[in-house]
Structures are given as structure tokens and as C-alpha cells.
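See structure below.
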Amino acid sequence: MKKYVFLLPFLLLLACSPAKKYADTKTYWEEDIKKLEAQDKIENYPDDAILYIGSSSIRLWKNIDEDMQPYNSIQRGYGGAHFYDLIHFTDRLVSPHKIQALVIFVANDITGGDADIPPKEVLRLFKYTVSEVRKSHPNIPIFQIAITPTPSRWAVWDQTKQANELLQAYCNRTQGLHFIETEEAFLDGDGQPRPELFIQDMLHLKQVGYDIWKELIKNELDAVLK
């Protein structure tokens with residue numbers, strides 16, 4: 001009897017595991033992840049590079065190498081990543097690299113769609129992502145970029161803002177985690193998202209938007225790494 005009592009907490013933890021809960025999401029992006037893994041085999045980077053993972057705003061940052069100098073960048077964003085699929089790929093994206101820091105941006109878990117998850121679930125999945133990173137990189141700084149306020153998803157900004165606040169609070173109280181706040185820079189004087197920073201879909205950044213990103217990210221990297 002004692003044996004089963006001892007196993008009960010472990011079985012409950014397993015049943016509540018995000019990886020198990022979202023098991024059906026791990027195949028959708030498999031081909032994209034394989035392409036990124038193929039890049040790992042042909043591209044060479046210094047050991048002090050910064051690795052960027054996450055969704056399409058990372059993938060579409062075509063000037064990242066130039067923008068983020070003097071830091072060397074490894075770009076491993078894919079499609080429309082959610083935290084609930086990134087958790088399945090974090091180890092594969094991160095563990096092959098010797099890096100001095102990791103930067104994460106994921107912005108598709110709250111969009112106004114039927115598949116949206118609550119802000120607290122975003123935080124839980126972020127914690128799981130961090131735990132996956134720590135398996136191979138126990139000591140590197142991890143930087144989480146705030147979810148950007150965008151015109152196309154402004155209707156759900158209240159939920160998105162709550163997710164940002166939860167992520168920021170967790171980063172602030174956890175050693176090795178750093179939150180990069182972007183809200184103020186992407187809102188105008190009336191508290192509305194700035195459409196001039198986005199391409200036609202009002203979701204993804206123009207270069208002028210990336211120019212803001214690069215300054216905010218580099219300021220945080222400098223503060224922590226230098």
C-alpha cells in the first residue's frame with residue numbers, strides 16, 4: 001500500500017504534464033523543426049552567440065545578424081509558434097548549441113481564436129520551456145521578449161497584457177530569467193498600437209519595428225552580459 005501512496009504524486013504530476021496535455025500539437029511543426037536542425041549541421045557559430053527561438057517574428061527578422069551586432073545571432077524561429085508546441089521542440093532547438101544566452105519570443109497563444117489559452121497557462125508553459133532549456137543549459141541567461149501590442153490583435157490586449165505581467169513577475173523573481181518589456185515603445189500617446197511599425201497584416205514588424213526591438217533587446221543583453 002505504501003508503494004502506491006508514494007507513486008501517487010508522481011502519477012499526478014505526469015498526468016498534468018504540459019507535454020502530455022498538448023501531445024497532439026507536436027507533429028504539426030515537425031518538418032519546420034527538421035529544417036532548423038539541418039541548419040545546425042551546416043552553419044557554424046562562435047560559442048558566445050545568442051540563440052533566438054520562437055514564432056514568426058523571429059523567423060522573419062531578416063536583418064537580425066546586422067541589427068544585433070556586436071552580438072552574434074543564431075536564428076531558430078518557426079511558423080506561428082505557440083508555447084504549447086514549442087515545449088515539444090525546445091530541447092531540439094537549444095541543446096545542440098553552445099551559447100551565452102537564449103532569447104524567446106512567442107506571441108500566438110492569445111489571438112482571439114478558439115484555440116486561445118488563459119494567461120496563467122501561458123505562464124505554466126513558459127515555466128516548462130525554461131525547465132527544458134535547463135536540462136542542457138543550466139546556467140545561461142534566458143530573455144523573454146514581451147508579447148507585442150499589435151493592431152490586428154488589439155481586441156484581446158487585456159488578456160495578452162495579463163500574460164505579459166505574469167511572465168514579467170516570474171522572470172523578476174527567478175534567477176537567470178530576464179523580461180524585455182516592449183509595451184511602451186509600441187503604443188502611441190493615446191495608448192494605441194502604432195500601425196506604422198507593422199506590415200500590411202498589422203501583426204508582423206516592419207524594419208522600423210525591428211529597429212525598436214533591437215535597441216530594447218541589446219540594452220537588456222548589455223545590462224546582463226557585460
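For the numbers below, each heavy atom of this structure counts, side chains included, while hydrogens, waters and symmetry mates do not. What you see is a predicted model, and the numbers here were worked out from it, not measured in a lab.
- Applying the side chain to side chain donor-acceptor pair (under 3.5 Å) test to E37 and every residue at least two apart in sequence or in another chain returns R92.
- The local environment of CD in E66 is sparse, with at most 12 non-hydrogen atoms from other residues, nucleotides or ligands closer than 6.0 Å.
- Listed by chain and number, the residues in a ring-ring contact (aromatic ring centres under 6.0 Å, His included) with H178 are F143 (sequence neighbours excluded).
- The shortest heavy-atom contact between P149 and T182 is CD-OG1, 4.4 Å.
- Considering OH of Y128 and CD of E121, their distance stands at 12.5 Å, rounded to 0.5 Å.
- Note on D211 versus K214: salt bridge recorded, some NZ/NE/NH1/NH2 to OD/OE distance being below 4.0 Å.
- Separation of atoms OG1 (T129) and CD (Q144) is listed at 8.5 Å; rounding is to 0.5 Å.
- Judged by distance alone, the side chain of S95 and the main-chain N or O of S136 form no donor-acceptor pair under 3.5 Å.
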Acceptor/donor pairs from residues 98-117 side chains to any protein atom, 3.5 angstrom cut, sequence neighbours excluded:
{"unit_1": "Q100", "atom_1": "NE2", "unit_2": "D48", "atom_2": "O", "d": "2.8"}
{"unit_1": "N108", "atom_1": "OD1", "unit_2": "R153", "atom_2": "NH1", "d": "3.0"}
{"unit_1": "N108", "atom_1": "OD1", "unit_2": "R153", "atom_2": "NH2", "d": "3.0"}
{"unit_1": "N108", "atom_1": "ND2", "unit_2": "G80", "atom_2": "O", "d": "3.4"}
{"unit_1": "N108", "atom_1": "ND2", "unit_2": "A81", "atom_2": "O", "d": "2.9"}
{"unit_1": "D109", "atom_1": "OD1", "unit_2": "F83", "atom_2": "N", "d": "3.2"}
{"unit_1": "D109", "atom_1": "OD2", "unit_2": "F83", "atom_2": "N", "d": "2.9"}
{"unit_1": "T111", "atom_1": "OG1", "unit_2": "G113", "atom_2": "N", "d": "3.3"}
{"unit_1": "T111", "atom_1": "OG1", "unit_2": "D116", "atom_2": "OD1", "d": "3.2"}
{"unit_1": "D116", "atom_1": "OD1", "unit_2": "T111", "atom_2": "N", "d": "3.0"}
{"unit_1": "D116", "atom_1": "OD1", "unit_2": "G113", "atom_2": "N", "d": "3.4"}
{"unit_1": "D116", "atom_1": "OD2", "unit_2": "T111", "atom_2": "N", "d": "3.0"}
{"unit_1": "D116", "atom_1": "OD2", "unit_2": "G112", "atom_2": "N", "d": "2.6"}
{"unit_1": "D116", "atom_1": "OD2", "unit_2": "G113", "atom_2": "N", "d": "3.4"}

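- Residues Q159 and P119 share a closest heavy-atom pair of O-CG, 3.4 Å.
- When the ring-ring contact (aromatic ring centres under 6.0 Å, His included) test is applied to Y71, no partner is found at least two apart in sequence or on another chain.
- In this structure, the side chains of L93 and D40 stay at 4.5 Å or more apart for every pair of heavy atoms.
- The side chain to side chain donor-acceptor pair (under 3.5 Å) search around Q39 returns E43, not counting sequence neighbours.
- The two atoms that bring G176 and R134 nearest to each other are O-NH2, 3.6 Å, heavy atoms only.
- Considering all non-hydrogen atoms of both residues, W61 and M68 come closest at CH2-SD, 3.7 Å.
- More than 12 heavy atoms of other shown residues, nucleotides or ligands fall within 6.0 angstrom of atom NZ in K218.
- The shortest non-hydrogen separation linking S73 to Y45 is O-CE2, 3.3 Å.
- Residue L221 is tested with L225, N219, V224 for a side chain to side chain contact (heavy atoms under 4.5 Å, CB included); the sole match is L225.
- Taking 4.0 Å as the cut-off between side-chain N and carboxylate O, K226 and D222 count as a salt-bridged pair.
- At a threshold of 4.5 Å between non-hydrogen side-chain atoms, the residues V94 and H137 count as touching.
- Cluster partners of W157, using a side-chain heavy-atom cutoff of under 4.5 Å among ILVMFWY residues and allowing indirect links, are W154, L187.
- Summarising the geometry of F198 relative to L203, their closest heavy-atom pair is CD2-O, 3.6 Å, with the distance given to 0.1 Å.
- Taken from NE2 in H88 to CG in D24, the straight-line distance is 7.5 Å, to the nearest 0.5 Å.
- The aromatic rings of F126 and Y170 sit perpendicular to each other, their planes meeting at more than 60°, with 30° as the lower class boundary.
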